[in-house]
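Read through the structure below, which is laid out as structure tokens, and then see the notes.
In what follows, residues are counted from 1 in the order of the sequence shown. The figures that follow rest on heavy atoms only: side chains count, while hydrogens, waters and symmetry mates do not.
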Amino acid sequence: MTVLLVIFHASGTRPFVNRTVQAFQIKLNMQTACLHWSSSRISKCVFFVLLGALLVTPLWMVRYPPLVDYPNHLARSFVLAHLNDPKFGFNQFYAADWGLYPYVLADVLASGLQRLIGIDLAGRAILSLCVLGLPLAILFFLRRANPEASYLAVWGPVIAYNPCFLTGFISSELSVSLCFLAVGLWLSYLYRPGLLKWCALLVLMTVLYLTHLIGFGVAGLIVTVYGLTARLSLREMLCSLALFVPGATMYLVWQLPLKNAVGFDYTTWDLHWKLAGLAFPLRGYSKSLDLFTLVAVIGCVVAVVWRNPSIRWNFRWLGVAAVVFAFYWVIPAKYGLGGGNVDVRIPQFLFIILLATMKPGGWKRVLIATAILLFAIRIGYVGYHFVQEETRLERLATSFSTIPAHARVMPLLRFSEEGPYARRGEVHLWAYGIIEKGWLSPALFHIKGIQPISLRNDIYCVKEGCGPLVDREPDWGRVSRDYDYVWAYDLPEYDSQLKAIGSCIFSESKIRVFHMENVSTSGSTGPGTLARSLDQASMQ
């Protein structure tokens, strides 16, 4: 070996050997880096797949997801898709009322998807889109608004199962994801303008309007305030505001003339409600877990902000957050006839905007670990609650077998402000009877300008909107005249009145089903006539 080295040195080949060794080392380092990058990428993919699987697991593990308003929305989409199907006869009771209203996208999606995969899978697909779309939209938004701290999107799954989603406000939840998807694309447009990107934004903003008015309004607020704080040129500002012209035009033409669908009700403004609503995105089924989550979030904020010289603030997004926060305090809880709990939907938008206001510095691992821990605990409890509720809801659903197909059914449940509404999975459970047996009921959501469906018949309702929650005694004479069956839950005080106009054919726990027997036969369509005629038509 020594002799060879002497020969190489003497022959002047040493530089060549050195260059060869260096090239080999560089190639080896590149291969090692590529292998490390590939391994890191695979690990991230596995993490996101597991995270997504955990997010949607509760929605697919039960027959009846206990999302309070969800069965009613699902049944309405089913009716719209089968309106002219002679097997059901829905068109004798319901009529389509499509318009460019700011809530129709969910109905369009459900009506279209069920033709391919059925109503049950279509509904679960939309629910999955809600919980998966939120963290993905937050990640997309933060990569453009706060790229150095885009890892904060890991907090998205923590708020995916918030009270709005648990209550079944599907359109509202879809609008949150679409709002930050649109804002993220708008920020990308500001960085690199282009006609194609602007046209895509125009379509997306219009779709956002058709999804929900609240997401559309918050997007407009964000674009306006950020544009002013960023000192956009007049051309940039006009191009940005022009994105909202189609939505605003549709609102003025189709929504504003409907007096029952617009206008704030300031009698519903309440200070205690406002203070409690600030923590709305972090709430769920358990008060103890909600408190633990709130304390953990506050602890993270204090740890990051307190004596942290490496923290960096984005004052433009702080300005946006301040304006959205002020907007939350200004608006009341109710907007129009069907817009309840409007204000408490704003803190979810505010929570996401706050993620863009700071670069926490060296707290990355702590924040990620805390978010993952909270998500794991919360999703575990959601799954546990879903399974527990499934047992109760399946027992209640056994009452469906006692009511024949195509019957006119009045659902009645106790109105109560005690306890969270999100835990009342039985409120619209009866709506599965519309899907499974073709029942006819005015309690299907049908508010003009909000839901694209209306009633053809003048049928008795206990209250405006025909909701199933009763806070007054019904007119039992009209109930017996207009309905074939009453599906009553937790109303023992009305047992004697119901027995006076019908017979109890099912009783278990809190549920009672009454067949209306003492009824008026006046009119062309008596109780049971429509059901019998539809049964005969389906046999022909």
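- A donor-acceptor distance shorter than 3.5 angstrom exists from the side chain of Ser441 to the backbone of Ala443, with no hydrogens or angles considered.
- In this structure, Thr402 contributes its side chain and Ile505 its backbone to no donor-acceptor pair below 3.5 Å.
- With hydrogens and angles ignored, the 3.5 Å screen pairs no side-chain donor or acceptor of Arg76 with any backbone N or O of Leu444.
- For Phe244, the ring-ring contact (aromatic ring centres under 6.0 Å, His included) partners at least two apart in sequence or on another chain are Phe216.
- Screening Arg512, Arg414, Lys510 against Pro492 for a side chain to side chain contact (heavy atoms under 4.5 Å, CB included) leaves a single residue, Arg414.
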Side chain to side chain contact (heavy atoms under 4.5 Å, CB included) between Val46 and Val49, intermediate numbers included: CA-CA 5 Å; Val46 170; Val49 168; 5.8 Å; no
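- The number of heavy atoms from other shown groups lying within 6.0 Å of OH (Tyr384) does not exceed 12.
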Worked verdict on Phe280 versus Tyr328 for ring pair (Phe, Tyr, Trp, His ring centres under 6.0 Å): CA-CA 12 Å; Phe280 211 65; Tyr328 166 73; 9.6 Å; no
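- The shortest side-chain heavy-atom distance between Tyr70 and His428 does not fall under the 4.5 Å cut-off.
- Sorted by first and then second residue, the pairs that involve residues 379-405 and meet salt bridge (Lys or Arg N to Asp or Glu O under 4.0 Å), not counting sequence neighbours, are Glu389-Arg392, Arg392-Glu426, Arg395-Glu508.
- Using a 3.5 Å distance cut-off with no hydrogens or angles, the side chains of Trp60 and Ser128 do pair a donor with an acceptor.
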Tyr432/Tyr64 under ring pair (Phe, Tyr, Trp, His ring centres under 6.0 Å): CA gap, chis, key distance, verdict: CA-CA 9 Å; Tyr432 284 106; Tyr64 301 110; 4.7 Å; yes
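- In this structure, Asp482 does not pair ionically with Arg408, as no charged nitrogen and carboxylate oxygen lie closer than 4.0 Å.
- When each of Leu374, Val297, Ile352 is paired with Ile159, the side chain to side chain contact (heavy atoms under 4.5 Å, CB included) condition holds for Ile352 and for no other.
- In terms of modelled atom types and a separation under 3.5 Å, the side chain of Asn72 and the main chain of Phe445 share a donor-acceptor contact.
- In this structure a side-chain-to-backbone donor-acceptor pair under 3.5 Å is missing from Arg424 to Val68.
- Remark: side-chain polar atoms of Arg345 are paired, donor with acceptor, to backbone N or O of Asn341 under 3.5 angstrom.
- Formation of a donor-acceptor pair under 3.5 Å by the Tyr251 side chain with backbone atoms of Leu213 is not found in this model.
- Under the 30°/60° scheme for interplanar angles, the aromatic rings of His515 and Tyr485 are found to lie parallel.
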